[in-house]
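Everything on this sheet refers to the single structure shown next.
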Amino acid sequence: MTARLIDGNALAKKVRGEVAQQVAALAAQGRQPGLAVILVGEDPASQVYVKHKVADCESVGMRSVLDRHPASLSEATLLQRIRELNADASIHGILVQLPLPKHIDANKVIETISPAKDVDGFHVASAGALMIGRPGFKACTPYGCMKMLEAIGCDPRGKHAVVIGRSNIVGKPMALLLLQANATVTICHSATPDLAAHTRQADIVVAAVGKRNVLTADMVKPGAVIIDVGMNRNDEGKLCGDVDFAGVSQVAGWITPVPGGVGPMTRAMLLVNTLEAAQAAARA
Ligand code: GUN
C-alpha cells in the first residue's frame, strides 16, 4: 500500500485565500488586521520563521509590525513593549518568537500578552479555554493538524489517536483538540516503555517529538493517518520529520511530507487566528 500525501502547501494556500477575502472585507470598513511579531536575539531559525510570518501577513493584506531587539534586551523592557502593543488598537495579534534568551522568563512574557491578542494560543487563558472546551485561540500547529484531518475527510470521532510528544505548544493542545473531536486519545512520551504497542493500535498518529525516525513502518497500522510535526535535519543536512517517510508511506493510508506538510499549515493558522482577533475587536 502506498499512502496518499496530505499537501500542506496546497491546503495552506486555500486557507490564505479565504483569509485574504475576509481581510479585504474588514479593510473596507477601515479595520485592517495587524500582527506584531517580536524577535529577541539572533537565533538563525527564529529569524527565518519571523521573516515568513511577516511575508504571510503581506500576502493576505494584513499589516505586520516586526519588532526586533538585541539578545541583551531586559525582561522589563520587553514586558513594557508588550503592554504598549496590548494598548495599541491597530494591533490585533501579538507573537513573541520563542525561544527567548535565558535571562527572560518566557512564561512571564506570554502571560503579559493580552489574551484577546494571544494569536499563538500560548497564554494560560487560551490553554485553559481549550482544556474546558470554551472558545479561545488554538495553538497554530495543532490547529493546522486538525484542518488537515478535516481536509482529507478524516473525522476523529470514534478513532484511536496517538500523540507522540507532550509539549505545551504541540503535544498537549493536539491531544485536547482530538479529544474535543471525540477521538480516543493516547499521549506517548519519552517515558513510554513500548511506543510501538500504542502506535500499532492507532488510526491517527501525530508525531511531535523533534527526533528522526521516531515512527517506523513496523509501528504503523495499515491505512492509518500519519501527521508529522517534526522538523529535523538528516545526515545529508536535508530537512526531515520525526517519521521514517519512505518506510511509513508504504503502510499508512495518508501521510504529511516534511517539508510541505504541517509547517505551511502552522503559518496559515496564525493568519486565521489574527483574522479572528481582528474580527472580535471589530465586534467589540
Ligand atoms: N518557536 C517555534 N515555534 C513557535 C511558534 O509557533 N510560536 C512562537 N511564538 N515561537 C515559536
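Atoms within a ligand are numbered from 1 in the order they appear, just like the ligands themselves.
In the candidate list Leu98, Val170, Asp120, Asp120 is nearest to atom 9 (N) of ligand 1, counting heavy atoms. Comparing Arg267, Met269, Gln97 against atom 11 (C) of ligand 1, the shortest heavy-atom distance belongs to Gln97.
Contacts between Ile169 and ligand 1, counted as non-hydrogen atom pairs separated by less than 4.0 Å, are absent for every part of the residue.
You'll find the side chain of Val225 reaches within 4.5 Å of the side chain of Leu149, heavy atoms only.
With 3.5 Å as the limit, one finds no donor-acceptor pair spanning the side chains of Thr256 and Asp228. Between the side chains of Glu75 and His103, no donor-acceptor pair of N or O atoms lies under 3.5 Å.
When only interatomic distances are considered, the shortest N/O to N/O separation between Val96 and ligand 1 falls below 3.5 Å.
Near Leu95, the atoms of ligand 1 lying under 4.0 angstrom from a non-hydrogen atom of the residue are 9 (N).
Checking each of Asp67, Asn86, Thr112 against Arg81 for a side chain to side chain donor-acceptor pair (under 3.5 Å) leaves exactly one that passes, namely Asp67.
Between the side chain of Lys117 and the main chain of Leu85, a donor-acceptor pair closer than 3.5 Å is present.
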